[in-house]
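Report on the following structure.
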Amino acid sequence: QVQLVESGGGLVQAGGSRRLSCAASGRTFSTYAMGWFRQAPAKEREFVAAIGWNSGMKLYADFVKGRFIISRDNAKNTVYLQMNSLKAEDMAIYYCAASRGMRAASGLSGYDYWGQGTQVTVSS
């Protein structure tokens, strides 16, 4: 069992930056692929970024390429999402997820554990 706790959400101005963190419990974090997803009001949850177990593979949704960076620190059991050049449309609840598969994946069904989410609000 893996427990995930996101942090770092809050209010940020359009064009600004924010770094989200996701702390994982358990001794097997380094063997999990990790992902970030988001859900805006009245919208489906969507893929944002994912990283493989050893950071060798990273995937990004087209709408965040060049703006967001996913990374992980296996020694700290933590995955990060650095968000730059934030836009109003980035406003959502951001969820961290863990997959027992070691490779990064973009599908929701590929993830076994989910955090509670952290709200990111972008003001224009």
Side-chain angles (χ1 to χ4, degrees):
Q1 188 77 9
V2 175
Q3 291 186 323
L4 305 172
V5 179
E6 302 96 335
S7 62
L11 177 65
V12 60
Q13 286 191 326
S17 297
R18 199 83 179 180
R19 188 175 81 156
L20 304 182
S21 299
C22 173
S25 64
R27 293 173 291 179
T28 57
F29 173 80
S30 62
T31 67
Y32 286 78
M34 300 296 296
W36 285 98
F37 293 78
R38 71 186 188 186
Q39 188 166 17
K43 291 191 174 181
E44 300 277 328
R45 190 170 299 190
E46 63 181 356
F47 169 74
V48 175
I51 187 167
W53 69 281
N54 65 350
S55 303
M57 181 179 181
K58 298 179 184 180
L59 298 175
Y60 294 96
D62 287 344
F63 53 77
V64 303
K65 282 181 180 176
R67 299 190 300 126
F68 291 12
I69 300 171
I70 189 170
S71 62
R72 67 189 295 162
D73 185 338
N74 286 345
K76 296 182 178 180
N77 279 17
T78 302
V79 63
Y80 305 97
L81 185 68
Q82 177 66 43
M83 306 186 294
N84 302 316
S85 303
L86 282 161
K87 306 175 182 179
E89 52 263 43
D90 293 319
M91 185 160 61
I93 298 174
Y94 282 73
Y95 296 91
C96 171
S99 169
R100 288 194 290 264
M102 298 173 80
R103 298 184 64 187
S106 59
L108 275 73
S109 61
Y111 290 83
D112 304 289
Y113 305 100
W114 293 82
Q116 294 299 306
T118 185
Q119 175 72 50
V120 173
T121 301
V122 182
S123 64
S124 55

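Start at 1 with the first residue, then count along the sequence.
The distance from the OG atom of S7 to the OH atom of Y94 is 15.0 Å, given to the nearest 0.5 Å. Separating the CD1 atom in I51 from the CZ atom in R103 is a distance of 14.0 Å, to the nearest 0.5 Å. Annotation: the span from S21 atom OG to L81 atom CG amounts to 9.5 Å, rounded to 0.5 Å. From T118, atom OG1 reaches atom CZ of R38 across 14.0 Å, with rounding to the nearest 0.5 Å. To the nearest 0.5 Å, atoms CG (L20) and CH2 (W36) are separated by 4.5 Å.
For the pair R72 and Y32, the cation does not sit on the ring face, since its NZ or CZ is not both under 6.0 Å from the ring centre and inside 45° of the axis. Taking the ring axis of F37 as reference, the NZ or CZ atom of R45 does not stay both within 45° of it and closer than 6.0 Å to the ring centre.
A 6.0 Å sphere centred on CD of Q39 holds more than 12 heavy atoms belonging to other residues, nucleotides or ligands. In K58, the NZ atom is crowded: over 12 heavy atoms of neighbouring residues, nucleotides or ligands sit closer than 6.0 Å. More than 12 heavy atoms of other shown residues, nucleotides or ligands fall within 6.0 angstrom of atom CD in E89.
Among all heavy-atom pairs drawn from N84 and S17, the shortest one is OD1-OG, 2.9 Å. For the residue pair Y60 and F47, the shortest heavy atom distance occurs at C-CE2, 3.8 Å. Taking every heavy atom of both residues into account, A98 and M34 meet most closely at CB-SD, 3.6 Å. In plain terms, the two heavy atoms of A50 and A105 that are nearest each other are CB-O, 3.4 Å. Residues A14 and S124 share a closest heavy-atom pair of CB-CA, 4.2 Å.
Counting heavy atoms from C-beta on, the side chains of F29 and V2 never come closer than 4.5 Å.
Distance alone, capped at 3.5 Å, is enough to place a donor-acceptor pair between the E6 side chain and the G117 backbone. A donor-acceptor contact shorter than 3.5 Å links the side chain of S25 to the backbone of Q3. With R19 contributing its side chain and G8 its backbone, the two residues share no donor-acceptor pair below 3.5 Å. Listed for the S99 side chain is no donor-acceptor partner under 3.5 Å among the backbone atoms of A33.
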Give the C-alpha distance, both sets of side-chain angles, the deciding distance and a yes or no for side chain to side chain contact (heavy atoms under 4.5 Å, CB included) between F63 and K87.
CA-CA 11 Å; F63 53 77; K87 306 175 182 179; over 6 Å; no

Are D90 and M83 close enough, and set up right, to give a side chain to side chain contact (heavy atoms under 4.5 Å, CB included), and what steps lead you there?
CA-CA 9 Å; D90 293 319; M83 306 186 294; over 6 Å; no

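Of the options I70, D73, L4, N74, a side-chain contact (heavy atoms from CB on, under 4.5 Å) to V79 is made by I70 and by none of the others.
F68 and L59 are members of different hydrophobic clusters when ILVMFWY side chains are connected at heavy-atom separations under 4.5 Å. Residues Y80 and I93 do not share a hydrophobic cluster, defined by chaining ILVMFWY side chains whose heavy atoms lie under 4.5 Å apart. Follow the hydrophobic side-chain contacts under 4.5 Å out from Y113 and you never reach L108; the two are in separate clusters. Following chains of ILVMFWY side-chain contacts shorter than 4.5 Å, one can reach Y111 starting from M57, so the two form part of one hydrophobic cluster.
Taking the six-membered ring for Trp and thresholds of 30 and 60 degrees, W114 and Y95 have ring planes more than 60 degrees apart, a perpendicular arrangement.
In this structure T121 satisfies the side chain to side chain contact (heavy atoms under 4.5 Å, CB included) test together with L11, M91, Q119, sequence neighbours excluded. With sequence neighbours excluded, no residue forms a ring-ring contact (aromatic ring centres under 6.0 Å, His included) with W53. With sequence neighbours excluded, the residues forming a side chain to side chain contact (heavy atoms under 4.5 Å, CB included) with K43 are A40, listed by chain and number.
At a threshold of 4.0 Å, the pair D62-K65 counts as salt-bridged, since one of the basic side-chain nitrogens sits closer than that to a carboxylate oxygen.
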